[in-house]
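First up is the structure itself, then whatever we jot down about it.
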Amino acid sequence: MSKYLVTRKSPNAVPIHLVAGEAGLKAWQKSQPKAVANWIQASQFKASAGEHCLIPSPKGTVSRVLVGISKHPDPWFLSKLPAALPKGRYHVETKLEPELADRAALSWLLGTYRFERYKKKEHSFSELVCPSNANAKRVEVLAASIALGRDLINIPAEDLGPAELAASAREVAAEFGASFKEIVGDALLKEGFPCVHAVGRASTRAPRLVEFTWGHESDPKVTLVGKGVCFDSGGLDIKPADAMKLMKKDMGGAATVLTIARAAMAFGLRVRLKVIIAAVENSISGNAFRPLDVLRTRKGLTVEIGNTDAEGRLILADALSLADTDKPDLLVDIATLTGAARVALGTSLPALFSSSDEVADQLLATGSAVDDPMWRMPLFKPYRKLLDSKVADLNNISNGPYAGAITAALFLQEFVSKGVPWLHIDTMAYNLDSAPGRPMGGEVFAARALIALLEQRYPAKGT
């Protein structure tokens with residue numbers, strides 16, 4: 001268990017009472033002494049969602065905590081408390097249904113997440129006794145997997161290049177006995193990944209293709225593909241300084257994929273899981289790929305380079321071609337792919353594209369259920385002509401300024417067979433400001449939704 005989520009209820013654990021708005025507060029106060037009601041009134045506590053009130057004891061210590069909640073508490077409804085409450089041990093006195101008990105425990109753990117790799121002084125937090133009907137193991141797995149993904153995104157590119165990202169994938173694979181394979185540098189050309197090689201060859205840190213496989217061969221095949229651009233300068237079409245500042249997060253798709261994979265393996269889901277990550281650094285040197293170069297992809301299609309800053313779709317083209325050879329039952333790619341998706345949907349709502357209405361609807365439903373939303377956007381076929389090239393099979397950018405997220409998805413669709421259920425998620429992978437349980441920095445948007453989808457479709461034995 002996490003040091004901030006404990007199983008043993010100690011006599012001195014301070015009770016937390018959950019109250020839903022002023023009506024819930026009034027109902028709770030009926031069983032309390034008048035002095036408590038007077039204190040609450042003096043504190044101007046209204047039991048609004050996220051608000052809390054400390055009730056003192058006659059000795060001047062905290063005797064209990066009131067927490068306002070909404071009718072349907074979100075996954076962060078206790079996330080403020082680990083840092084806000086006086087240091088100590090607490091337990092939720094209010095009886096909770098299993099799902100809400102899980103949310104309470106997870107929200108507490110998410111509230112203890114901080115990226116402190118480069119800090120001399122680390123935060124400390126209060127402890128929560130895990131609610132008795134919560135699935136403590138599942139909560140721990142989710143929290144640890146989310147922390148892994150966030151940490152990877154937050155690490156600066158100086159310390160997380162393609163080799164280090166591959167090493168992290170290797171560690172996740174080794175934890176669950178998955179078979180691991182890594183193709184590095186010029187070997188990418190021999191093994192048929194020319195676009196991964198072209199995008200990453202200008203860096204002093206060699207590009208690589210990472211693949212690991214877990215589960216029984218007879219189980220349904222699920223393949224997760226992650227964009228792992230550890231830093232994106234934009235290449236010869238160099239980004240301006242402001243646009244380059246956050247480009248350590250351009251491997252956020254790979255980090256999100258590792259979050260999902262770790263949870264799926266820890267839960268023992270009945271899948272034949274394959275993870276593919278193309279890990280590169282898009283740099284500038286004498287051998288950088290150029291505008292109007294023509295690259296041959298793993299699939300054999302040729303691509304004219306309209307812009308070297310549209311590199312993510314190039315490495316994903318090779319990775320998706322590899323994934324497609326197995327004809328998986330479900331193929332998912334996750335990428336920090338386009339600024340256009342952020343313009344359309346903002347930074348906290350990933351764009352979802354899919355070749356399967358059934359799977360897309362199911363993912364949107366699970367995302368809604370776990371408060372990890374996405375917004376579906378169309379694979380609008382008439383826009384495919386915007387990727388036409390006069391010298392190659394297609395261009396890596398459209399010939400105009402419009403529908404950038406859609407044309408990027410249409411580009412990727414060229415490398416997925418029509419019969420394969422495919423989900424493409426275009427994500428920000430970063431919180432631009434802080435909220436309880438969601439500090440500024442790396443974020444694995446869509447991970448909880450996809451984990452829930454996999455649990456629903458491929459439940460572990462005995463569940």
Side-chain angles (χ1 to χ4, degrees), residues 1-2 4-10 13-32 45-53 64-82 85 89-112 126-146 263 266-269 362-373 436-438 447-463:
M1 295 287 287
S2 165
Y4 299 119
L5 186 67
V6 299
T7 54
R8 184 176 299 176
K9 182 177 178 180
S10 59
V14 178
I16 296 174
H17 301 269
L18 307 178
V19 288
E22 292 192 61
L25 180 60
K26 288 179 181 179
W28 182 84
Q29 285 183 153
K30 289 180 180 179
S31 62
Q32 302 302 312
F45 177 68
K46 304 296 183 183
S48 300
E51 186 183 12
H52 73 278
C53 180
R64 68 196 81 180
V65 180
L66 298 183
V67 178
I69 62 171
S70 63
K71 186 176 181 181
H72 301 288
D74 65 33
W76 308 279
F77 75 103
L78 296 185
S79 291
K80 183 173 73 172
L81 299 183
L85 296 180
R89 181 170 293 186
Y90 297 82
H91 74 273
V92 179
E93 185 76 11
T94 308
K95 292 183 179 180
L96 303 176
E97 295 296 323
E99 182 180 347
L100 189 54
D102 279 7
R103 284 201 170 198
L106 180 61
S107 67
W108 191 278
L109 287 184
L110 292 179
T112 68
S126 292
E127 300 173 351
L128 179 72
V129 178
C130 188
S132 58
N133 56 345
N135 186 336
K137 180 181 177 182
R138 183 178 184 278
V139 168
E140 286 279 340
V141 166
L142 281 175
S145 300
I146 290 169
F267 293 159
L269 301 186
Q362 191 176 5
L363 178 58
L364 292 172
T366 60
S368 178
V370 301
D371 288 281
D372 194 12
R438 294 150 289 172
R448 290 183 297 106
L450 279 159
I451 291 166
L453 174 72
L454 296 181
E455 288 182 288
Q456 190 177 108
R457 290 173 65 93
Y458 314 107
K461 292 179 180 179
T463 59

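Between H17 and E93 the shortest heavy-atom distance is CE1-CG, 3.5 Å. For the pair R138 and F267, the tightest heavy-atom approach, listed with the atom from each and the gap, is CG-CZ, 3.5 Å. Across every non-hydrogen atom of A263 and I451, the tightest pair is CB-CD1, 3.6 Å. In terms of heavy-atom proximity, A266 sits nearest to V141 at CB-CG1, 3.7 Å. Contact detail for A49 and S70: the closest heavy-atom pair is CB-N, 3.9 Å. Across S79 and P82, no two heavy atoms sit closer than the pair O-CD, 3.3 Å.
Looking at heavy atoms from C-beta onward, F45 lies in side-chain contact with L25 at the 4.5 angstrom threshold.
In this view, R89 and E127 satisfy the salt bridge (charged side-chain N to carboxylate O under 4.0 Å, His left out) rule, not counting sequence neighbours.
Remark: the backbone N or O of A452 is not paired with any side-chain donor or acceptor of Q456 at under 3.5 angstrom. Counting only distance, with no hydrogens or angles, the side chain of T366 and the backbone of L363 share a donor-acceptor pair below 3.5 Å.
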Margin query: Working note: Q362 + L453, criterion side chain to side chain contact (heavy atoms under 4.5 Å, CB included); need CA distance, chi angles, decisive distance, verdict.
Written below: CA-CA 7 Å; Q362 191 176 5; L453 174 72; 3.4 Å; yes

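V67 pairs with exactly one of T94, V92, L81, L85 by the side-chain contact (heavy atoms from CB on, under 4.5 Å) rule, that one being L81.
To the nearest 0.5 Å, the span separating CD on E51 from CG on L66 amounts to 10.0 Å. In this structure, Y458 OH and L269 CG are separated by 10.0 Å, a value rounded to the nearest 0.5 Å. In this structure, L5 CG and E140 CD are separated by 5.5 Å, a value rounded to the nearest 0.5 Å. In this structure, SG in C130 is found 13.0 Å from NE2 in H91, a value given to the nearest 0.5 Å.
In the displayed structure, E99 atom CD is contacted under 6.0 Å by at most 12 heavy atoms of other residues, nucleotides or ligands.
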Please list, one pair per line, the donor and acceptor atoms closer than 3.5 Å that link side chains of residues 102-112 to other protein atoms, with sequence neighbours excluded.
residue : atom : partner : partner atom : Å
D102    : OD1  : N135    : N            : 2.7
R103    : NH1  : P73     : O            : 2.6
R103    : NH1  : D371    : OD2          : 2.8
R103    : NH2  : A369    : O            : 2.7
R103    : NH2  : D371    : OD2          : 2.9
S107    : OG   : L78     : N            : 3.3
S107    : OG   : R103    : O            : 3.0
S107    : OG   : A104    : O            : 2.9
W108    : NE1  : Y4      : O            : 3.4
W108    : NE1  : S126    : O            : 3.1
T112    : OG1  : L109    : O            : 2.7

